[in-house]
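Excluded from the calculations below are hydrogen atoms, water molecules and symmetry mates; all remaining heavy atoms, backbone and side chain alike, are included.
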Amino acid sequence: MSKKQDTFYYDNFIACAEEASRAADLLKKTLEDFHPDQIAGKLQEIHKIEHEADDKKHVLTDRLAKAFITPIDREDILMLSQNIDEITDKIEEVLIRIYINHIDQIRPEALKTLDVVISCCNETCNLLRELADFRHSKALKKIVIKINTLEEEADQMFINNMYELHEVCKDHPQQIIAWREIYEYLERCADACEHVADTVSSIVMKNS
């Protein structure tokens, strides 16, 4: 298999992860300068990013279906591609939950959790940039650990956020239900990044 054909898969992984980072950045800008009447339009923007990520994933699966030899197992390529795509999907779901629950004000705890999600996305991009040279990379293992640490931080923030939510909104059950969903999807964004890191770790172990 040619070097160029090998590079296609790794470049596609990076490009799809960068779409997730774009979506996370758009979500942050939307929530920092929050205007409820503009959310429908912002949903269209973030869905466009999600659609572009899907298109990239479909290009990879089409190429994979026709490939005779691949740089790593085709099952691993497919799983990694799907897991990367899941990050963008979950980020979009956060904004969908804000829209359908008629949120009119953003809780500061959500912005803090989103900062962790953005860090997870950025580190996922860094991880995938190292993947092509995983046999010689000195940074890859450290990045995996960093993503795992960030995911644990997001888990703890979810617990803290829910505790605070039930404390300050105990007389507003609808607020609790709405924000529980939003916090859950923010935490799932970090989970999705960790799934990518776990998949990369598995690929490295199988091919070392």
Side-chain angles (χ1 to χ4, degrees), residues 1-30 41-97 99 114 116-135 137 139-140 143-144 146-147 150-151 185-204 206-207:
M1 190 174 198
S2 73
K3 181 74 172 177
K4 183 177 180 180
Q5 288 173 306
D6 276 359
T7 301
F8 163 79
Y9 295 103
Y10 298 117
D11 288 347
N12 185 280
F13 295 148
I14 295 167
C16 289
E18 287 173 345
E19 296 289 4
S21 284
R22 281 180 61 208
D25 289 340
L26 174 58
L27 181 60
K28 179 69 181 296
K29 290 176 183 176
T30 301
K42 295 298 182 181
L43 269 176
Q44 292 181 352
E45 288 184 41
I46 206 165
H47 184 69
K48 181 180 178 182
I49 295 173
E50 189 274 337
H51 183 71
E52 289 171 359
D54 276 347
D55 284 346
K56 289 180 173 64
K57 182 186 71 171
H58 293 322
V59 169
L60 181 143
T61 54
D62 288 346
R63 176 76 69 90
L64 188 61
K66 300 171 184 176
F68 181 66
I69 300 174
T70 55
I72 55 178
D73 287 349
R74 63 181 64 244
E75 293 82 4
D76 290 334
I77 292 173
L78 185 60
M79 179 180 293
L80 182 54
S81 177
Q82 291 171 339
N83 287 348
I84 296 167
D85 188 64
E86 192 72 10
I87 304 172
T88 312
D89 290 345
K90 291 294 180 285
I91 293 168
E92 182 184 22
E93 287 286 353
V94 174
L95 193 55
I96 289 172
R97 291 306 180 282
Y99 176 72
L114 182 53
V116 175
V117 169
I118 289 172
S119 294
C120 280
C121 290
N122 291 339
E123 291 298 336
T124 300
C125 289
N126 292 336
L127 179 67
L128 294 167
R129 293 183 187 112
E130 294 291 322
L131 182 57
D133 194 35
F134 68 86
R135 290 184 178 87
S137 174
L140 191 145
I143 300 172
V144 168
K146 178 67 173 177
I147 293 171
L150 287 166
E151 191 277 333
Y185 273 94
L186 281 168
E187 199 272 333
R188 289 178 191 179
C189 293
D191 283 347
C193 291
E194 186 178 49
H195 293 160
V196 170
D198 290 343
T199 303
V200 167
S201 294
S202 176
I203 290 170
V204 170
K206 288 170 64 176
N207 292 276

Separation between NZ of K146 and CG of L150, rounded to the nearest 0.5 Å: 5.0 Å
Where do N126 and E123 land on the side-chain contact (heavy atoms from CB on, under 4.5 Å) test, with the steps shown first? CA-CA 5 Å; N126 292 336; E123 291 298 336; 3.6 Å; yes
Is the closest side-chain heavy-atom distance between I118 and N122 below 4.5 Å? yes
Indicate yes or no: at least one non-hydrogen side-chain atom of D133 is less than 4.5 angstrom from one of Y10. no
Nearest atoms (heavy-atom pairs only) where A24 meets C121: CB-SG, 4.1 Å
Heavy-atom closest pair (K206 atom, D73 atom, distance to 0.1 Å) is NZ-OD2, 3.5 Å
Listing, residues 187-200 side-chain donor-acceptor contacts under 3.5 Å, not counting sequence neighbours, or none:
{"residue": "R188", "atom": "NH1", "partner": "Y185", "partner atom": "OH", "Å": "3.2"}
{"residue": "T199", "atom": "OG1", "partner": "N83", "partner atom": "ND2", "Å": "2.8"}
{"residue": "T199", "atom": "OG1", "partner": "H195", "partner atom": "O", "Å": "2.8"}

Reported CG-to-CG distance for the pair L128 and L80, which is rounded to 0.5 angstrom: 6.0 Å
Within a reach of under 6.0 Å around NZ of K57, are more than 12 heavy atoms found that belong to other residues, nucleotides or ligands? yes
Considering all heavy atoms of both residues, which atom of I143 and which atom of E130 are nearest to each other, and what is their separation? CD1-CG, 4.0 Å
Exam field: side chain S81 to backbone L78, donor-acceptor pair closer than 3.5 Å: no
When every non-hydrogen atom of L131 is compared with those of L140, the smallest separation belongs to CA-CD1, 4.2 Å
In Å, rounded to the nearest 0.5 Å, how long is the span from OG1 of T70 to CD1 of I77? 4.5 Å
Kindly say whether K56 contributes a backbone atom to a donor-acceptor pair with the side chain of N12 at under 3.5 angstrom? yes
So which heavy atom on F13 is nearest to which on L60, and how close? CE2-CD1, 3.7 Å
Working to the nearest 0.5 Å, report the span between CG of L95 and CG of L43. 4.0 Å
Do NZ/NE/NH1/NH2 and the carboxylate oxygens of E45 and K42 come within less than 4.0 Å? yes
How long is the straight-line distance from CG of L26 back to OG of S21, given to the nearest 0.5 Å? 12.5 Å
Are side-chain heavy atoms of K48 and Q44 found at a separation under 4.5 Å? no
Looking at CG of L114 and CG of L186, how far apart are the two atoms once the value is rounded to the nearest 0.5 Å? 6.0 Å
Heavy-atom donor-acceptor pair, R74 side chain to A67 backbone, under 3.5 Å: yes
Looking only at heavy atoms, what is the nearest atom pair of E19 and I49, with distance? O-CG2, 3.3 Å
Among V94, I96, I91, T88, find the one that has a side-chain contact (heavy atoms from CB on, under 4.5 Å) with I46. I91
Any Lys/Arg nitrogen of E18 or R22 sitting under 4.0 Å from an Asp/Glu carboxylate oxygen of the other? no
Any side-chain heavy-atom pair of E50 and H47 under 4.5 Å: yes
Working for side-chain contact (heavy atoms from CB on, under 4.5 Å), residues L64 and Y9: CA-CA 9 Å; L64 188 61; Y9 295 103; 4.0 Å; yes
List in chain and number order the residues that pass side-chain hydrogen bond (donor to acceptor under 3.5 Å, both in side chains) with E86, two or more places apart in sequence or in another chain; answer none if no residue qualifies. K90
